[in-house]
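Taking it in order: structure first as structure tokens, then the write-up.
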Amino acid sequence: MGDPLDVSLSSRRVPAVVLLVVGVFLASAPAARAGGDFVDLAVQRARVWFIGPSGVRSLDARNGRTLSTPHLVGAAYPLSVTLAGGAAWVASVENGYVWGTLSRIDAQTGKVRVVWRRYDSSVQYVAAGAGSIWALIGSRTGSRIARFSPAGRLLRVWRLPDAGRIAADGEGCWISTDRRLLHIDPAGRVHQVVRAPLGDVATGGGAVWLAGATSVLRIDERTGRVRTLATGRLRLGGFQHDLAVGDGALWALRHTGPAQSQLVRFDVHTGRSTGGTRVPGIADAVVVTPRAVWVATVLGPGGPTLLRIDPHTLRHTLLVHIT
């Protein structure tokens, strides 16, 4: 299904490392940066959910005002967030990376419920799609993909030892592994989509997008056709979501120097850059909504930040320092 991507893992800002757990290392653990800080975000309607070193925070999308600061049970350290079923779902680790936790935060009441928690593990990513919540769980024996109902019931677990990134949409869960892009369809069947090294994966515009060092694969979800978009060197900068698709464009977060990043807009048909804007700090997550591009950063001036950017003019319309 097309030529495999030539992706060098050394092209990422910091190589993947494993998390220390009771004197041993966990396999398939998240990449780390100086200070070990991660941020992620999710946006729905007028609310933005931001997670990072300061915990979980929901903000007003219009003015950046903090609406709530839910406290995760067990002093969990959040890594990833998604929205589904009237709730925010947060993947985290806790107690020195000894426990992995998936939490559900009711968007209306703010009530926090631990959906899944296990010793010697880390819940690294969470994504919503096909009426389910999908989690990438790492442990000493390799990675697993877990599927949960909107009510938080565990439905099924797949052992995929080299899974490293996930995304989800109405067609199921898409998993980037060391050598392949895999797909778990809504019926639970696992398919190999294309042979390609580990890369950031995103969904949108009727396709799945897999990033390499100098190109992005576009896999049409209806036909299965694979196209390679030559973007030039990407230098993706974050641990969470470096790619997003929306407003007729492909968006990527490029690391340009110490505590400096760039949001780059690409043509979805040619891969040609159509503009970019500087972002202070290390950009770690990007989300596109109908009227805005949202970027979360770490290690910038003033600490973690949330930015709102106009998708057409690339003008910064909101900057919030998360303290």
So, do [X] and [Y] sit near enough that their side-chain heavy atoms are less than 4.5 Å apart?
X	Y	answer
Ile51	Val39	no
Leu59	Val320	yes
His241	Asp40	yes
Leu72	Thr101	no
Trp99	Val93	no
Trp116	Val123	yes
Pro304	Pro53	yes
Leu182	Val193	no

Is there a path of hydrophobic side-chain contacts, each under 4.5 Å between heavy atoms of I/L/V/M/F/W/Y residues, joining [Y] to [X]?
X	Y	result
Val114	Tyr119	no
Leu263	Val288	yes
Ile145	Val81	no
Val279	Val293	yes
Val112	Trp89	no

Phe50 and Trp294: side-chain contact (heavy atoms from CB on, under 4.5 Å), yes or no, with the steps? CA-CA 11 Å; Phe50 187 104; Trp294 296 87; over 6 Å; no
Parallel, tilted or perpendicular, as decided by the 30° and 60° cut-offs, for the rings of Trp174 and His183: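 Ring orientation, 0 to 90° scale: parallel.
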Any sub-3.5 Å donor-acceptor pair from [X]'s side-chain atoms to [Y]'s backbone N or O?
X	Y	value
Arg117	Leu102	no
Trp209	Gly204	yes
Arg308	Arg62	yes
Arg57	Pro70	no
Asp247	Ala249	no
Ser176	Leu181	no
Asp220	Arg225	no
Arg265	His312	yes
Arg233	Ser215	no
Ser80	Tyr125	no

Working note: Asp120 + Arg140, criterion salt bridge (Lys or Arg N to Asp or Glu O under 4.0 Å); need CA distance, chi angles, decisive distance, verdict. CA-CA 7 Å; Asp120 273 14; Arg140 287 177 295 178; 2.5 Å; yes
Run the salt-bridge test on Asp200 and Arg165 with the 4.0 Å N-O cut-off and return the result as yes or no.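 A salt bridge links Asp200 with Arg165.
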Under the criterion side-chain contact (heavy atoms from CB on, under 4.5 Å), I'd like the reasoning laid out for Ser132 against Leu155: C-alpha separation, chi angles, the key distance, then a yes or no. CA-CA 9 Å; Ser132 302; Leu155 300 175; 4.3 Å; yes
Kindly indicate, with the supporting measurements, whether the criterion side-chain contact (heavy atoms from CB on, under 4.5 Å) is fulfilled by Ser261 and Leu253. CA-CA 7 Å; Ser261 304; Leu253 299 175; 5.9 Å; no
Would you please test Thr317 and Ile309 for side-chain contact (heavy atoms from CB on, under 4.5 Å) and show each step? CA-CA 6 Å; Thr317 58; Ile309 299 169; over 6 Å; no
Could you tell me if Ser139 and Thr141 have a donor-acceptor pair between their side chains, going purely by distance under 3.5 Å?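 Indeed, the side chains of Thr141 and Ser139 share at least one donor-acceptor pair under 3.5 Å.
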Please tell me whether Gln262 and Thr256 have a donor and an acceptor in their side chains that are separated by less than 3.5 angstrom. no
Looking at Arg291, I'd like to know if its CZ atom is crowded, meaning that more than 12 non-hydrogen atoms belonging to other residues, nucleotides or ligands lie closer than 6.0 Å.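 Check fails, neighbour count at 12 or below.
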For atom CZ of Arg113, is the number of surrounding heavy atoms from other residues, nucleotides or ligands below 6.0 Å larger than 12?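 Yes, enclosed.
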What residue among Ile137, Ile166, Leu136 forms side-chain contact (heavy atoms from CB on, under 4.5 Å) with Gln124?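 The side-chain contact (heavy atoms from CB on, under 4.5 Å) with Gln124 is passed solely by Leu136 among Ile137, Ile166, Leu136.
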